[in-house]
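Residue numbers begin at 1 in each chain, while the letters A, B, ... track the order of the sequences.
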Amino acid sequence: MSSNTTDNTGYKSYLEEDGGRKGIFKWILSTDHKRIGLLYLYAMMLWFCVGVVLGLLMKLELIAPGKTLMEAQAYNATFTVHGVIMIFLIVIPGLPAVFGNFMLPIQIGAKDVAFPRLNLFSWYIYILGGILVIISLFGNGPPDTGWTFYAPYSFKTGTNMLPAALGAFVLGFSSILTGLNFIVTIHRMRAPGMTWFKMPLFPWTLYGTAWIQLLATPIIGITLLMVAGERILGIGFFDPAKGGDPLLYQHLFWIYSHPAVYIMILPAMGAISEIIPTFAKKTIFGYKAIVFSTLAIAFVGYFVWGHHMYTSGMSGAALWAFSLLTFIVAIPSAIKVFNWISTMHQGSISTEIPFLWAASFIFIFMIGGLTGLVLGSLAIDVHVHDTAFVVAHFHFIVFGGVGFAFFGAIHYWFSKIFGRKYDPSWAKTGWIIFFIGFVTLYGPMFYLGIKGMPRRYFDYLEEFHGPNIISTLGAMVMVAGFLIILVNLIKSARHGEKTTEMNPWGGTNLEWQVPTPPPLENFDEIPVIDKATYKYD
Amino acid sequence: MSESIAHHDEHRDDEASKLGIWLFIFTELLFFGGLFITYAVYRHAHPQAFHMAAQQLDVAVGTINTVILLISSMTIAMATTSIQKKDKRTTLILIGITLVLALVFLVNKYFEWSAKIDHGIWPGSPLLEELGKGDTLFFGLYFFMTGLHALHIIIGMILIIVIFVRVRKDKISFDNFQLLENGGLYWHLVDLIWIFLFPLFYLIT
Amino acid sequence: MSDTTHHIVPYRTYALILLLLLVLTSTSVAVTQIELTRWATIVALLLASTKSAIVLAIFMHLKFDQTVYKVMAIFVVLVITAVIILTFLDYGFR
Amino acid sequence: MYTAEPQQASNFVAGVDLAFLITLGVSIFFLIALTVIMLVFIRKYRKEKHPEAIQNEGSNKLEALWTGIPLVLVLVMFYFGWMGWRPMKNPPEEAMHVTAIARMWNFRFEYENGKFSDSLIVPINEPVILDLVALDVLHSLYIPAFRVKEDMVPGQDKVMWFIPGTPGEFDLFCTEYCGLQHSYMFTVVKVISKEEFDAWMTDTTAVTTVVDTELSLADQGWEVLTRNACNACHSSDGSKLIGPSYLGGWGGTRTVVSGREELQVAVDEAYIMRSIFDPDAEVVKGFNKSLMQPYEGMITEEEVKLIIEYLKALNE
Ligand code: HEA
Ligand code: HEA
Ligand code: CUA
Ligand SMILES: [Cu+2]
């Protein structure tokens with residue numbers, strides 16, 4: 001294990017190099033990809049706390065039938081805003097914007113992304129989208145359409161859905177520009193010698209993700225624009241009274257929003273593929289298989305959107321095709337899981353915090369993914385569609401998958417980013433509590449869904465009471481875990497023990513060969529790559 | 001080491017910016033792709049009404065606009081040739097023609113739209129409600145898609161004006177003309193979309 | 001970094017291409033005006049596709065560029081086509 | 001977990017549950033197997049016990065194996081899902097039709113003889129076809145015990161069908177989010193014997209439209225309002241919901257938007273009639289158009305008079 005330290009003289013880290021700017025301008029005017037990554041991180045942390053509070057409020061409301069905390073209108077607004085924030089402001093930009101920005105150029109041996117100014121611009125667009133979402137909370141009241149904005153309700157409601165939809169539209173642009181930047185960076189700026197198949201897996205997943213961002217996001221852009229046209233001009237695209245077809249809205253919405261779930265999960269899988277070999281001290285098993293499965297998910301994932309519409313009245317032919325394709329798209333995910341577990345075989349595993357997150361990711365992801373198969377089956381989905389079962393599925397996979405990977409990633413790269421160490425025992429305590437809370441929170445929802453409790457229900461029948469209580473208790477446990485993790489990270493980022501150790505975990509990729517924290521342009525001299533990644537001999 | 005700090009965004013990679021603009025073009029194609037799907041679905045649902053409604057559009061105006069866009073596409077493409085031949089004057093003239101043609105296109109569009117509006121046809125107009133669902137959708141799509149296309153023309157024009165100024169100031173020259181080429185690519189995209197809008201709205205009746 | 005040799009396309013090529021495009025345009029106008037009903041639709045769309053292929057290849061220099069661009073462009077067209085086909089699996093068989 | 005419910009509550013239960021058990025079985029098998037393998041690896045190959053990792057690049061044989069086996073398994077799952085679902089799309093030719101009408105936020109079921117009811121009453125062992133009608137926005141009709149669900153889309157004619165197999169009362173939910181009172185949009189299916197059903201069908205006194213004439217006129221008006229779910233959008237205490245409150249309207253004037261103009265209109269009988277039968281013609285300022293459906297044919301003029309009595313009493 002190499003734990004070389006460099007002496008701190010003679011180089012200035014990106015955190016010290018402020019381009020001669022003052023105060024906050026050191027950050028919001030900097031085009032350094034690392035600072036931009038952190039800008040996203042901070043913005044997301046704020047949003048995330050809002051989203052978590054909203055989630056908790058819903059759970060408190062659902063602890064008992066009838067009104068416990070808020071009125072139906074407030075509840076409807078709560079799950080809408082919760083969904084919009086979590087999906088559009090957190091998990092879609094999530095890993096690519098934070099760790100993609102920070103690590104991608106370093107991992108491929110570049111000094112920055114291809115278009116640094118465009119990169120900063122994307123962040124501003126992201127903030128603008130966030131502001132629009134905030135604006136939607138005032139005036140006629142927060143939107144109450146669900147994050148899916150289904151027509152025709154979405155243009156009949158008197159609430160402020162337009163700013164929220166425009167917010168999502170604007171956020172889409174941010175996402176597109178980030179994707180564009182990453183594709184160009186990967187095509188043009190890989191260090192000499194780094195052929196495509198010598199590239200680490202995290203950049204690979206970012207590459208797949210970027211293509212989805214580029215090719216799927218415009219569809220929701222135009223769809224939301226059409227909804228705006230509908231609301232402002234009354235054109236009638238989706239208004240049955242004027243000949244429009246509400247199902248076409250659903251098609252267009254899911255043409256984006258299904259691929260979007262792979263925007264969320266692919267980088268998460270990439271982060272896991274980084275963490276596991278590092279802590280197993282072993283080459284990743286089946287590198288090429290993982291690469292191809294990434295591309296396969298990105299590609300096939302584009303063509304399964306119809307599985308959100310099994311009961312909407314599509315033709316039998318379409319249902320047949322969509323169900324089949326949905327099952328096919330599960331295969332590449334399965335391949336990844338098998339390869340990760342095989343990587344552990346005959347490794348030399350140290351169960352540090354990031355590894356714990358990665359292993360629990362695999363477990364949670366399997367539950368989320370396998371219940372996805374349940375939903376993909378035509379007969380079963382007719383029964384469980386729009387019930388708590390779906391809510392459980394996507395929390396397991398979105399939040400369990402992306403969230404666990406995110407935490408794994410931040411614990412993995414923490415010292416590289418901040419040049420400080422966190423307290424491992426607190427981190428571990430937080431992880432255990434979080435994990436237990438998570439399963440208790442979302443587990444019962446599967447049962448509720450099978451029993452037939454519909455989603456987006458502010459109130460429910462007495463027969464659903466028991467599991468809801470368990471679930472709410474789970475939420476409280478989980479939030480306790482979350483707070484421990486969060487406080488530990490924030491405290492450590494500000495006051496933690498300083499470190500300049502280049503490679504604390506003994507990783508093999510380039511980010512472990514630059515100083516900690518990295519200098520402004522990452523490398524003095526662009527490295528020349530002559531061997532494959534994840535080599536431990 | 002501090003000498004190498006600044007200016008990391010100043011290095012030039014023409015191929016990268018070209019790739020960038022291409023990727024952006026792909027996004028735009030999918031953006032309009034969503035509308036083409038919408039069009040196809042509604043045409044499928046109301047073939048008769050779309051047939052009748054399309055006949056109300058003036059093929060002549062549409063054809064003229066098509067020709068205008070095709071010519072402007074050629075002139076901007078020629079500009080990349082002339083700049084490489086170090087012929088600044090011709091370059092400026094070609095870009096200028098492109099701009100003028102773009103303007104003519106917009107003027108045509110303006111008259112076409114006003115004529116429709118004079119006849120009581122605009123999105124959500126009472127007349128359309130009377131005419132029925134097919135017509136509502138057809139003209140809704142017509143205004144939406146051509147409107148969005150016109151918006152792209154305007155964006156393209158702004159871009160080309162910037163390029164014009166830069167060529168004049170020799171910021172774009174025979175060994176540094178990527179911006180011109182990129183602007184051209186964008187302009188061709190506008191043309192590409194029109195190539196489909198034209199038959200869909202004016203021709204197929 | 002300039003690892004591409006720019007191919008200078010002669011004016012003549014562009015002019016000829018424009019001519020070709022204009023001919024195709026007038027063909028599609030002519031075909032649709034003489035009412036071939038369903039065939040007119042197909043012909044008009046085929047002509048439009050041809051025209052856009054020509055614009056892509058020559059005006060947009062795909063023909064002279066590196067292969068990546070071609071691969072990407074074809075890929076994107078395939079994606080759009082596949083999406084339309086899937087959508088019509090629904091609308092076509094309702 | 002399914003066995004707790006009555007078996008064969010409908011003809012689809014068997015197919016759906018079979019698909020479910022197979023899919024869940026395979027899933028649980030993989031979940032447990034892979035988790036156990038992972039835990040064993042983590043224990044067995046931990047650094048302390050296994051300090052030197054044995055490098056291994058991968059194996060094409062294994063990749064093929066774990067592409068192939070899941071592929072076969074998912075195709076099996078797909079097949080059972082498909083088979084369980086297919087009969088749902090093939091309603092029999094001969095069957096009783098019931099029109100299910102959904103609007104914000106209640107269901108209403110109309111029978112072939114014109115009788116209607118707010119819960120779905122069906123005879124056992126007879127196929128029933130529901131013609132789905134949505135008046136305003138998307139709704140979805142879901143009977144968990146029957147394993148059936150279908151969205152109700154305004155402007156589209158759709159059907160769903162089933163053969164109930166167990167007598168009793170089952171929940172019926174709206175599962176497509178449809179606004180404020182979505183979670184209160186539920187009722188029950190009552191499965192009764194053929195004889196009971198026939199008796200119910202022909203029994204005109206049981207038709208639920210008649211208002212209890214024992215009550216005062218104003219109270220009868222309140223009954224009408226409740227039955228038509230008006231109170232979901234209009235309050236009696238002046239608070240602003242989806243539509244204007246009953247309180248403070250009658251006898252005064254209101255500022256309404258009609259087309260593009262703003263008008264002052266007197267709240268009188270004619271106005272109330274108009275706002276019930278053609279709500280979009282004049283919308284009170286500050287409220288949204290097209291949220292309320294015309295109630296022409298659902299509320300009679302006599303009933304409107306009762307409503308007006310209620311409004312009068314309320315505003316006294
Ligand atoms: C990160 C996001 C994410 C991811 C990755 C997925 C992945 C999958 N999802 Fe999920 N999904 C959502 C987010 C996500 N989903 C969201 C947000 C919704 C709800 C939206 C809303 O309505 O609000 C949703 C809803 C949803 C539905 C619609 C439910 C309904 O509304 O009725 C369906 C139906 O098919 C579905 C299926 C799947 C499938 C088959 C996968 C597959 O990709 C899963 C593949 C993974 C595995 C299969 C597990 C690993 C493999 C093994 C352990 C080996 C063994 C495997 C085999 C034998 C095959 N999802
Ligand atoms: C990422 C996505 C995400 C996340 C994290 C959460 C978090 C939570 N969610 Fe959910 N939720 C959605 C996405 C998400 N949600 C969506 C899309 C819907 C559908 C909306 C709709 O129907 O329109 C929904 C709906 C939804 C409902 C259903 C409403 C209904 O149908 O009636 C409920 C009910 O209890 C709920 C509860 C919760 C709770 C208690 C939490 C949390 O409060 C739990 C606490 C969280 C933590 C303790 C920390 C987790 C950490 C990370 C994820 C990583 C950190 C990442 C960064 C900082 C960038 N959510
Ligand atoms: Cu009706 Cu939900
Ligand atoms: Cu999906």
Which heavy atom in [X] sits nearest to a heavy atom in [Y], and how many Å separate them?
X	Y	value
D/Gly179	A/Asn76	O-ND2, 3.5 Å
D/Pro51	A/Ser348	O-OG, 3.1 Å
A/Gln346	D/His50	O-CE1, 3.3 Å
D/Phe41	A/Ile341	CD1-O, 3.3 Å
A/His345	D/Tyr45	CE1-OH, 3.2 Å
A/Ala379	D/Gly84	CB-C, 3.7 Å

Quick check for you: among [options], which has the greatest number of heavy-atom pairs under 4.5 Å with chain A?
options	answer
D/Leu132, D/Leu34, D/Ile37, D/Ile28	D/Leu34
D/Gly81, D/Cys174, D/Gly58, D/Ser183	D/Ser183
D/Ile42, D/Val26, D/Val153	D/Ile42
D/Ser140, D/Gly155, D/Ala19, D/Gly15	D/Ala19
D/Val40, D/Leu18, D/Leu71	D/Leu71

Whether over 12 other heavy atoms sit under 6.0 Å from [X] [atom1]:
X	atom1	answer
D/Asn90	CG	yes
D/Gln55	CD	yes
D/Arg46	CZ	yes
D/Phe29	CZ	no

Rounded distance (nearest 0.5 Å) linking atom [atom1] of [X] with atom [atom2] of [Y]:
X	Y	atom1	atom2	result
D/Leu138	A/Leu247	CG	CG	7.5 Å
D/Gln181	A/Asp459	CD	CG	10.0 Å
A/Tyr457	D/Phe186	OH	CZ	7.0 Å
A/Thr343	D/Asn56	OG1	CG	9.0 Å

Taking every heavy-atom pair that is under 4.5 Å apart, which of [options] has the most such pairs with chain D?
options	answer
A/Gly286, A/Gly347, A/Pro152	A/Gly347
A/Thr351, A/Leu324, A/Val374, A/Leu373	A/Leu324
A/Asp245, A/Thr148, A/Ile335	A/Ile335
A/Ala359, A/Ser293, A/Ala72	A/Ala359

State, yes or no, whether a side-chain contact exists between [X] and [Y] at a heavy-atom distance under 4.5 Å.
X	Y	value
A/Asp144	D/Leu180	no
A/Val337	D/Phe30	no
D/Met77	A/Ser377	no
D/Trp85	A/Leu319	yes
D/Thr35	A/Ile362	no
A/His383	D/Pro144	yes
A/Thr311	D/Tyr142	no
A/Tyr153	D/Cys178	no

Can you say whether [X] sits under 4.5 Å from chain A via the side chain, the backbone, both, or neither, judging by heavy atoms?
X	result
D/Glu150	both
D/Phe78	both
D/Gln156	side chain
D/Tyr184	side chain
D/Leu39	neither
D/Met88	side chain
D/Val148	backbone
D/Ile22	neither
D/Asp171	side chain

Heavy-atom contact with chain D under 4.5 Å, split by part of [X]:
X	answer
A/Ala241	neither
A/Ile331	side chain
A/Phe446	neither
A/Tyr534	neither
A/Thr387	side chain
A/Ala280	backbone
A/Asp239	neither
A/Leu461	side chain
A/Trp320	both

Does the gap between the ring centers of D/Tyr177 and A/Tyr150 come in under 6.0 Å?
no
Does one side chain, of A/Ser312 or D/Asp151, offer a donor that lies under 3.5 Å from an acceptor on the other?
no
Please state whether the rings of D/Phe173 and A/Phe464 are parallel, tilted or perpendicular, taking 30° and 60° as the class boundaries.
tilted
May I ask you to decide if the ring planes of A/Phe338 and D/Trp66 are parallel, tilted or perpendicular, using 30° and 60° as cut-offs?
parallel
With D/Glu57, which of A/Lys535, A/Lys282, A/Lys288 fulfils salt bridge (charged side-chain N to carboxylate O under 4.0 Å, His left out)?
A/Lys535
Examine distances only and state if a side-chain atom of D/Lys149 and a backbone atom of A/His385 form a donor-acceptor pair shorter than 3.5 Å.
yes
